[in-house]
Amino acid sequence: MTLDRRFPSVLEWQEGARRRVPKFAYEFLVGGIGEERGICANRSALQAVELLPHYIGDDFTPELGHSLFGQAFSAPFGVAPFGLDGLIWPRMVQHIAGAARRADIPIVMSSFATTTLEEVRALGGENAWFQLYVLKDREKNRSFVERAARAGYKTLVLTVDIPTVTRRRRDIRNGLSVPPAPNLRTYWEVLKRPAWAIETLRAGRPEFKTLLDYVPEGLSLAELGAYLAEETSCIVTIDRIREIRDLWKGRLIIKGILSETDAKHSFELGADGLWISNHGGRQLDAAPTPVSVLPGIRKAVGREIPIMVDSGVRDGLDVARMMALGADFVFLGRAFIYAVAAMGEKGADHAMFVLTEELRMTLGQIGCRRPSDLPAHLVAASE
Ligand code: FNR
């Protein structure tokens with residue numbers, strides 16, 4: 001059976017991931033904060049966005065190519081940053097970086113990835129961006145930012161939405177740790193997922209490879225986890241953003257924006273782009289959905305500054321919905337992760353193929369020539 005028949009949509013990718021990934025890692029991936037209302041809200045808000053078809057008109061073929069910051073991409077979507085990737089599926093981010101380069105879409109490498117930022121830059125080429133979690137220690141921030149520039153990154157995504165350590169209930173129940181704690185329950189979960197176990201043995205145990213240079217030596221695993229959580233959970237103050245802005249000569253995008261105030265601050269502090277996100281429902285269960293705040297933020301900052309968005313996007317139709325609401329570019333996290341967990345390396349290429357086809361079909365179906373014309377099809381705007 002072809003890959004497309006087995007895995008035609010994100011539903012099958014997620015189900016494949018559930019079957020192949022041990023429970024502690026799968027729950028880390030799907031889970032959110034609190035009662036996980038935010039995850040449901042992200043989906044239902046997107047599902048409520050309607051697009052108006054214009055069936056009668058000229059004959060045309062939709063053009064999906066889209067530019068951001070003067071760089072041309074094959075489509076207006078990319079891969080959001082995600083940490084602990086190697087725990088979910090070995091070499092996850094490496095597979096996705098290669099596929100993003102082939103598909104010519106951006107991939108954002110997380111500070112918390114289980115590989116080095118240099119390796120992802122080499123695999124992703126110009127399509128690779130780097131995501132920074134600010135560390136409390138200024139000198140470490142400086143060295144981290146300089147290292148990203150030396151590796152060749154041109155775009156830095158500064159995530160601001162983890163001011164405190166969170167308590168995700170599933171992870172607490174599962175005793176999540178990196179690498180997995182060697183106890184009977186973990187062994188049992190791993191035994192039930194042999195493909196994951198074999199791949200993990202081949203790839204070696206997952207570690208925060210990019211962050212290793214910034215942690216004290218000789219810490220036990222538990223101490224390391226606590227140290228990183230503490231060191232990266234800090235308020236990204238105006239001064240901290242100024243410092244990063246001064247250090248980083250490339251493009252700076254601020255991720256985790258939900259309010260017009262933060263959007264304006266970011267703009268005033270010299271950000272080149274804003275990234276509206278509620279972290280996929282993983283930080284604050286009462287956070288608004290990007291769908292609900294995007295139109296207001298767009299109005300507040302005008303057309304001058306590019307707005308990126310993520311959270312809850314699961315297919316090409318959702319990408320079109322976000323663009324119709326005023327986004328310049330759309331990112332997906334879990335959808336890509338599910339695909340690689342379900343299908344391995346080829347899952348990344350397959351996900352990009354399916355998302356592209358879904359977007360192409362959506363544009364064709366509503367009579368829209370290019371992604372930037374999508375706002376004209378938003379039902380609220382058209383009535
Ligand atoms: C994330 N996200 C995230 N964001 C970030 O800036 N740095 C990070 O290291 C991570 N890590 C991470 C791990 C996992 C497993 C997930 C699911 C998410 C948030 C991510 O970039 C993005 O905002 C959300 O994933 C978007 O929501 P969807 O597409 O997953 O619904």
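Every heavy atom of this structure was used, including side-chain atoms; hydrogens, water molecules and symmetry mates were not. Read the numbers this way: they start at 1 and go in the same order the structure lists the ligands and their atoms.
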Over 12 non-hydrogen atoms of neighbours within 6.0 angstrom of CG in Leu191: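 Above 12, so yes.
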
Stacked cation flag Arg282 on Phe28, 6.0 angstrom / 45 deg: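 So Arg282 does make the cation-pi contact.
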
Residues Arg185, Glu189: salt bridge by 4.0 Å N-O rule: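 Glu189 and Arg185: salt-bridged.
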
Plane angle bin for Tyr214 and Phe144 - parallel if under 30°, tilted between 30 and 60°, otherwise perpendicular: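 Judged by the thresholds at 30° and 60°, the geometry between Phe144 and Tyr214 is tilted.
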
Neighbouring residues of ligand 1, heavy-atom cut-off under 4.0 Å: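 Under the 4.0 Å cut-off, ligand 1 touches Phe28, Leu29, Ala80, Pro81, Phe82, Gly83, Ser110, Gln131, Tyr133, Thr159, Lys255, Ser277, His279, Gly280, Arg282, Asp310, Ser311, Gly312, Arg314, Leu332, Gly333, Arg334.
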
Ring centre gap for Phe331 and Trp275 strictly below 6.0 Å: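 They qualify: ring centres under 6.0 Å apart.
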
Short side-chain to backbone donor-acceptor contact, Trp89 and Tyr338, under 3.5 Å: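 No: the side chain of Trp89 does not pair with the backbone of Tyr338.
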
